[in-house]
Amino acid sequence: MPQYQTWEEFSRAAEKLYLADPMKARVVLKYRHSDGNLCVKVTDDLVQWHLNYYTLRCGIAGGLET
């Protein structure tokens with residue numbers, strides 16, 4: 001379960017996972033207001049890959065695309 005330090009690395013790995021099988025990819029965003037922690041997780045249904053990215057900078061949320 002890799003945990004990425006930079007948003008660029010994480011977004012490239014997440015896109016690669018999504019393009020492998022778009023129907024099985026899932027994204028979970030979790031924000032904890034108490035400590036300002038944003039957690040982004042991307043996984044597939046088989047849970048062969050589980051990508052994590054944690055940040056205390058909420059400005060990164062502006063870079064999220066739908």
Going by the rule side chain to side chain contact (heavy atoms under 4.5 Å, CB included), which residues pair with [X] if we only count those two or more places apart in sequence or in a different chain?
| X | answer |
| --- | --- |
| Lys16 | none |
| Glu8 | Thr6, Arg12 |
| Ala20 | none |
| Glu15 | Leu19 |

**Request:** Quick one: pull up CG in Leu38 and NZ in Lys30 and give me the separation to the nearest 0.5 Å.
**Result:**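 So the gap between those two atoms works out to 11.0 Å.
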**Request:** Kindly compute the distance separating OH (Tyr4) from OG (Ser11), expressed to the nearest 0.5 Å.
**Result:**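 Interatomic distance, Tyr4 OH to Ser11 OG, rounded to 0.5 Å: 10.5 Å.
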**Request:** Treating Ile, Leu, Val, Met, Phe, Trp and Tyr as nodes and any side-chain heavy-atom pair under 4.5 angstrom as an edge, say whether Val40 and Val28 lie in one connected cluster.
**Result:**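 Cluster IDs for Val40 and Val28 differ.
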**Request:** Check ring-ring contact (aromatic ring centres under 6.0 Å, His included) between Phe10 and all other residues, then give those that pass, not counting sequence neighbours.
**Result:**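 Phe10: ring-ring contact (aromatic ring centres under 6.0 Å, His included) contacts with Trp7, Tyr53.
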